[in-house]
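Basis for what follows: all heavy atoms, side chains included, without hydrogens, waters or symmetry-related copies. The structure presented is a predicted model; accordingly, all values stated were derived computationally and were not measured.
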Amino acid sequence: MAAERRGSWFGFGFCGFGQALGAGHGRQVHSPEPLCAPSAGADVCGVSASWSYTAFLCRAGQVQLSGSVGGTADGCRDAWASETLLVVLRDGRGPGPGAELQAWAPGSALRGEPLWTQTVVSEAQREDRTGDDTRARPLPLLPGARAYVSPLPPLYRPLAPELRARRLALGTEHVLLLDEAGQVYSWGGGRHGQLGHGTLEAEREPRLLEALQGLRMAEVAAGGWHSVCVSETGDIYIWGWNESGQLALPARSLAGDSQPAPGQGTGELYTWGWGKYGQLGHKDTTSWDRPCRVEYFVDQQLQVTAVSCGPWNTYVYAVGRAKSGGVWTKA
């Protein structure tokens with residue numbers, strides 16, 4: 001069995017608070033640069049970016065903060081950053097195999113005592129079976145998929161038992177949930193159409209997106225006031241606010257912009273929407289209402305495998321393309 005190819009993280013966009021974006025020169029990075037981790041030798045495996053700081057999860061289980069706040073914590077399985085709350089999933093302090101959810105004020109530097117803690121009890125433990133369901137279900141969805149964490153009170157929010165969640169994403173005012181059957185639910189504020197129910201009304205409880213019924217979705221993501229999902233066949237569906245072209249649909253403010261670069265290669269990165277701080281990675285601060293390929297990764301023979309977007313910056317994980325017979329190929 002072939003060994004896993006190890007790659008590197010890259011960053012671009014706003015770094016006015018000292019976020020570890022590339023070399024960190026000035027307040028903006030307009031093109032992808034190799035990540036300059038907060039501490040030398042850190043092997044970063046996950047990134048969660050808020051507006052003024054970023055949380056980096058290292059393979060050794062350490063969380064490191066970079067930007068307007070700093071700090072480190074050991075024994076971590078996952079971390080999720082927002083401006084009002086930093087949530088860390090850590091190894092439990094008890095004798096069992098479970099994990100402990102900790103919520104911190106970002107400015108605490110992960111020192112002292114967290115704002116609150118909660119032991120995460122797995123479904124396997126509840127049913128008195130062996131095993132542990134605290135496996136990777138990325139925050140803000142909690143292990144066991146029965147609750148999620150919110151930056152606004154109440155911080156711990158249970159989900160109805162019938163919602164078998166696979167992924168959960170938070171926008172500024174709304175929530176998207178992808179269930180085990182590939183269906184999408186949304187709730188929260190809807191004033192920009194981000195809920196996808198054909199109205200601008202808010203929804204207090206999770207509501208199934210009827211327009212997507214019959215289509216199995218594989219991923220969901222939530223921007224500030226827009227929503228995205230990807231089907232199992234690779235089709236992208238986007239709805240909500242489009243004032244900067246973030247829906248990849250023509251925006252009046254961007255009329256007359258040139259066409260995006262062509263290309264349909266595996267592992268290529270395309271970005272669009274608001275680009276004021278270089279967060280699109282195109283060596284400028286242009287906003288785009290059409291998908292545009294980030295040429296840096298093509299030029300460097302890199303294949304993008306993961307993307308983490310903050311409000312004003314972007315982090316990307318990429319590996320070198322497979323080399324066969326002296327020729328670089330798309331793996």
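Val298 and Val319 fall into different hydrophobic clusters, where Ile, Leu, Val, Met, Phe, Trp and Tyr are joined by side-chain heavy atoms under 4.5 Å apart, directly or via other members. At a threshold of 4.5 Å between side-chain heavy atoms, the hydrophobic network of Ile, Leu, Val, Met, Phe, Trp and Tyr places Leu176 and Val230 in two separate groups. Under a hydrophobic clustering in which Ile, Leu, Val, Met, Phe, Trp and Tyr are joined whenever their side-chain heavy atoms come within less than 4.5 Å, directly or via other members, Phe297 and Val29 fall into the same cluster. Hydrophobic cluster membership differs between Val307 and Trp312, with clusters built from Ile, Leu, Val, Met, Phe, Trp and Tyr side chains linked at under 4.5 angstrom. Leu195 and Val220 sit in two unconnected hydrophobic clusters of ILVMFWY residues. Membership requires side-chain heavy atoms under 4.5 Å apart, directly or through other members.
Looking at every heavy atom in both residues, Ser66 comes nearest to Gly18 through OG-O, 3.4 Å. Nearest heavy-atom pair across Ala79 and Val63 is CB-CG2, 3.7 Å. Closest approach of His282 to Cys292, counting heavy atoms only: CE1-O, 3.2 Å. Closest of all the heavy-atom pairs between Ala202 and Gly189 is CB-CA, 4.2 Å. Shortest non-hydrogen contact noted between Cys15 and Leu21 is CB-CD1, 3.7 Å. Summarising the geometry of Arg166 relative to Ala181, their closest heavy-atom pair is NH2-C, 4.4 Å, with the distance given to 0.1 Å.
With Ser186 as the partner, the side chain to side chain contact (heavy atoms under 4.5 Å, CB included) test is satisfied by one option alone out of His174, Glu203, His197: His197. Tested against Thr314, the residues Phe12, Tyr277, Phe10, Phe14 include a single side chain to side chain contact (heavy atoms under 4.5 Å, CB included) partner, Phe12.
A donor-acceptor pair is defined here as one N or O able to donate and one able to accept, closer than 3.5 Å; such a pair exists between the side chain of Asn242 and the backbone of Leu249. Put simply, the side chain of Glu83 never gets that close to the backbone of Ser50: no donor and acceptor are under 3.5 Å apart. Under the 3.5 Å distance criterion, the side-chain polar atoms of Tyr156 are left unmatched by any main-chain donor or acceptor of Ala147. Side-chain N or O atoms of Asp43 include none that pairs as donor or acceptor with a backbone N or O of Arg59 at under 3.5 Å. Side-chain atoms of Arg290 never come within 3.5 Å of backbone atoms of Trp272 as a donor-acceptor pair (strictly under, hydrogens ignored). With hydrogens and angles disregarded, a donor-acceptor distance shorter than 3.5 Å links the side chain of Gln194 to the backbone of His192. Remark: the backbone N or O of Gln246 is not paired with any side-chain donor or acceptor of Ser244 at under 3.5 angstrom. Checking side-chain atoms of Asp289 against main-chain N and O of Ala251 turns up a donor-acceptor pair under 3.5 Å. Of the possible polar contacts, one joining the Gln279 side chain to the Trp274 backbone as a donor-acceptor pair under 3.5 Å is found. Between the side chain of Glu173 and the main chain of Trp225, no donor-acceptor pair closer than 3.5 Å is present.
Ion pairing between a basic and an acidic side chain is recognised when a charged N comes within 4.0 Å of a carboxylate O; Arg207 and Glu205 show no such pairing.
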Given side-chain contact (heavy atoms from CB on, under 4.5 Å), test Leu209 with Trp239 step by step and report yes or no.
-> CA-CA 12 Å; Leu209 262 72; Trp239 60 95; 3.3 Å; yes
Val69 and Leu86: side-chain contact (heavy atoms from CB on, under 4.5 Å), yes or no, with the steps?
-> CA-CA 11 Å; Val69 300; Leu86 171 66; over 6 Å; no
Checking side-chain contact (heavy atoms from CB on, under 4.5 Å) for the pair Leu177/Trp187: CA distance, chi angles, key distance, verdict?
-> CA-CA 9 Å; Leu177 181 146; Trp187 66 98; 3.8 Å; yes
Hey, mind stepping through Leu85 and Leu115 against side-chain contact (heavy atoms from CB on, under 4.5 Å) and telling me if it holds?
-> CA-CA 9 Å; Leu85 198 68; Leu115 298 175; 3.9 Å; yes
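Note that CZ of Arg167 and CE of Met217 are 15.0 Å apart. Values are rounded to the nearest 0.5 Å. Distance check: Ser308 OG to Tyr317 OH gives 14.0 Å after rounding to the nearest 0.5 Å. The distance from atom CZ of Phe17 to atom OH of Tyr53, rounded to the nearest 0.5 Å, is 12.5 Å. We find the OH-OG distance between Tyr148 and Ser150 to be 6.0 Å, quoted to the nearest 0.5 Å. The line from CG of Leu152 to CG of Leu170 is 9.5 Å long, rounded to the nearest 0.5 Å. We find the CD-CG distance between Gln62 and Leu57 to be 9.5 Å, quoted to the nearest 0.5 Å.
No side-chain heavy atom of Leu280 sits less than 4.5 Å from a side-chain heavy atom of Thr286. By the 4.5 Å heavy-atom criterion applied to side chains, Leu35 and Ser8 are not counted as neighbours. By the 4.5 Å heavy-atom criterion applied to side chains, His30 and Thr285 are counted as neighbours. Using a 4.5 Å heavy-atom cutoff, the side chains of Leu163 and Pro206 are in contact. Side-chain contact between Ile236 and Val228: present, with at least one pair of heavy atoms (C-beta onward) separated by less than 4.5 Å. Annotation: side chain of Trp116 is in contact with side chain of Leu101 (closest heavy-atom distance under 4.5 Å). With contacts defined as side-chain heavy-atom distances shorter than 4.5 Å, the pair Val294/Val304 does not qualify. Side-chain contact between Leu155 and Val87: absent, with no pair of heavy atoms (C-beta onward) separated by less than 4.5 Å.
For Tyr315 and Phe56, the distance between ring centers is under 6.0 angstrom.
Counted by atom type alone, Gln102 and Trp104 present one or more donor-acceptor pairs between their side chains at under 3.5 Å.
Within a 6.0 Å sphere centred on CD of Glu162, other residues, nucleotides and ligands contribute more than 12 heavy atoms. Heavy atoms from other residues, nucleotides or ligands lying under 6.0 Å from CD of Gln213 number more than 12.
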